[in-house]
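The structure presented is a predicted model; accordingly, all values stated were derived computationally and were not measured. First the proteins, then the strands, lettered A, B, ... as listed; each starts at 1.
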Amino acid sequence: MILHLDMDCFFAQVEERENPRFKGKPLVVGADPKSGKGRGVVSTCNYEARKFGIQSGMAISKAYKSCSQATYLPVNKELYSRVSENIFRIVEGVSKIYERVSFDEAYIDLSKVVKNYKEAEKIGESLKKLIFRQENLTCSVGIGENKMVAKIASEEDKPDGLTVIKPSQTLKFISKKPIRDIPGIGPKTENKLEKLLGRSNLKIKDLKALSKKQLIDEFGKKGEDTYFKARGKDRSKVGSENKTKSLGREVTFDENTTDPEEIIYTFKNISKEVSGLAEIEKRKIKTVVVVCRFEEFDTYTRQISFDPVQPTEELIYKKGIKLLLRLFLKKARPVRLLGVRVLFG
DNA sequence: AATTCATTATCAC
DNA sequence: CTAACGGTGATAATGAATT
């Protein structure tokens, strides 16, 4: 028995809480729109902004065109992180078996906490109340027999919703949902599935037309997962904290550049940031990866591995710049984005 | 033959 | 009329290089 907790438009809601004058008017948290010339995206927006068609992940320039009168705020990670910690302290009080998906999303395994769905619903209600009393924030909760069902259920009645799907209701509940509601099916997979079945607007029940073999041949492991998920089955565990496997930074230039000085200078900066963060981890690194996106949006990575060593700024910079310059000199085109990432040993 | 490395693709949030 | 498009981290597939 799994509970999925999802804070309602988290970043925007926190900003409204901190500054109630933002309430009742469109609010967008994300990149600086720069009067329509900004290059980033929307992180989150409140429901008033959604009325203008604004959504998470949308280009900030597009959002600005739809609603230039909205308030645009930068992402204040520090603040959301603090609030998130408070929320997870409450989560921990419900069950020690939980999974932190992001600042604002969690799975909680209730199997050892309650005997039936009636009790699970009570837990859901009290969790919502605790979060609202202690943090003055609303969330949506979904409860189901596995992570997928819980997650789809939490979407059902947003914002401030609570939806319980008993196992006997699972198939009926998921069958009419769009396939994109299945975690792991993104735009590419949706598109491929539409081509396979020869039509669009696919529902989860439509996936039953594909055999397990067909799905595995086409999508590998993900295909096998999809086969089961289409039938309401998801055996993935609610996994607690895992060690970080990699850490990186990337930046998009305000304007594409071919200036080697600017590229090298920027690379030095992000190398420094990554080394700073990596040193805090107190772990050795074994690979440096550089990322370079050119103006046509084509993105390349180059990486070098070595015997694990304590990360230093010099090491990351020296290993990385070699890879980067090789790429840049070969392509000789304007660069849009640079990144560097380290993999821990 | 098995493991690691390098690269790309895809996804979530 | 259309396109516009971050940053961080994970996992999988695939082929080449090493052990």
* Structure fact -> The answer to which of A/E250 and A/G220 contacts DNA chain C further toward the 5' end, by nearest nucleotide, is A/E250
* Asked: Taking the side chain of A/R249 as its heavy atoms from C-beta onward, which of C/dT8, C/dT11, C/dA4 lies nearest to it?
  -> C/dT8
* Base, sugar-phosphate, or nothing: which does A/I60 touch, judged by heavy atoms less than 4.0 Å apart? -> nothing
* Do the non-hydrogen side-chain atoms of A/L323 and A/Y300 ever get within less than 4.5 Å of each other? -> no
* When we call it a touch if two heavy atoms are under 4.0 Å apart, what does A/T244 touch: a base, just sugar-phosphate, or nothing? -> sugar-phosphate
* Asked: Taking OP1 and OP2 of C/dC5, is either one under 4.0 Å from a side-chain nitrogen or oxygen of A/K37?
  -> no
* Is A/E119 atom CD crowded by more than 12 heavy atoms from other residues, nucleotides or ligands, each under 6.0 Å away? -> yes
* Asked: So, are A/D8 and A/K158 salt-bridged, with charged N and O less than 4.0 Å apart?
  -> yes
* **A/K192 side-chain N/O to B/dT10 phosphate OP1/OP2 under 4.0 Å** => no
* Minimum-distance nucleotide to A/T189 side chain [options: C/dT11, C/dG7, B/dC11] -> B/dC11
* To do: Between B/dC11 and C/dG6, how far apart are the C1' atoms? Round to whole Å, please.
  => 15 Å
* Asked: NA contact type, A/V101, heavy-atom cut-off 4.0 Å: base, sugar-phosphate, or nothing?
  -> sugar-phosphate
* Return the value, rounded to whole Å, for the distance between atom CG of A/L327 and atom C1' of B/dT8. => 13 Å
* Asked: If you look at every strand shown and take non-hydrogen atoms under 4.0 Å, does A/V251 touch a base, only sugar-phosphate, or nothing?
  -> sugar-phosphate
* Asked: To the side chain of A/K245, which of B/dC13, C/dT11, B/dC11 is closest?
  -> C/dT11
* Under 4.0 angstrom between A/S43 side-chain N/O and C/dG6 OP1 or OP2 -> no
* **N/O (side chain, A/R302) to phosphate O (OP1/OP2, B/dT8) under 4.0 Å** => yes
* Structure fact -> By nearest-nucleotide position on DNA chain C, the 5'-leaning member of A/K65 and A/V41 is A/K65
* Classify the nucleic acid contact of A/K62 as base, sugar-phosphate or nothing, counting any heavy atom under 4.0 Å across all strands shown. => base
* Asked: Cation-pi between A/R326 and A/F328: NZ/CZ under 6.0 Å from ring centre and within 45° of the ring axis?
  -> no
* Report yes if at least one side-chain N or O of A/R341 is closer than 4.0 Å to OP1 or OP2 of C/dT8; otherwise report no. => no
* Calculate the interatomic distance between A/K221 atom NZ and B/dT10 atom P; express it in whole Å. => 18 Å
* To do: Return the value, rounded to whole Å, for the distance between atom CZ of A/F297 and atom P of B/dT8.
  => 16 Å
* To do: Test the A/R50-A/F52 pair against the cation-pi criterion, namely NZ or CZ under 6.0 angstrom from the six-membered ring centroid and within 45° of the ring axis.
  => no
* Asked: Does the side chain of A/D104 come under 3.5 Å of the side chain of A/S102 through a donor N or O and an acceptor N or O?
  -> yes
* Structure fact -> Atom OH of A/Y80 and atom C1' of C/dG7 are separated, to the nearest Å, by 15 Å
* Indicate yes or no: at least one non-hydrogen side-chain atom of A/Y107 is less than 4.5 angstrom from one of A/Y98. => no
* To do: Classify the nucleic acid contact of A/F103 as base, sugar-phosphate or nothing, counting any heavy atom under 4.0 Å across all strands shown.
  => nothing
* Between A/S305 and B/dA6, does any side-chain N or O lie under 4.0 Å from OP1 or OP2? -> yes
* **Whole-Å distance separating the CD atom of A/Q55 from the P atom of B/dC13** => 15 Å
* **Separation of B/dT4 C1' from A/F306 CZ (nearest whole Å)** => 14 Å
* **Phosphate contact (C/dG6 OP1 or OP2) by A/R336 side-chain N/O below 4.0 Å** => yes
* Taking the side chain of A/S102 as its heavy atoms from C-beta onward, which of B/dT8, C/dG7, B/dC13 lies nearest to it? -> B/dC13
* Establish, with yes or no, whether the OP1 or OP2 oxygen of C/dG9 is under 4.0 angstrom from a side-chain nitrogen or oxygen of A/S246. => no
* To do: Provide, to the nearest angstrom, the distance between the CZ atom belonging to A/F294 and the P atom belonging to B/dT8.
  => 11 Å
* Mind calculating the distance between CZ (A/F253) and C1' (C/dG7) to the nearest angstrom? => 15 Å
* A/K286 or A/T301, whichever maps to the more 5' nucleotide of DNA chain B -> A/K286
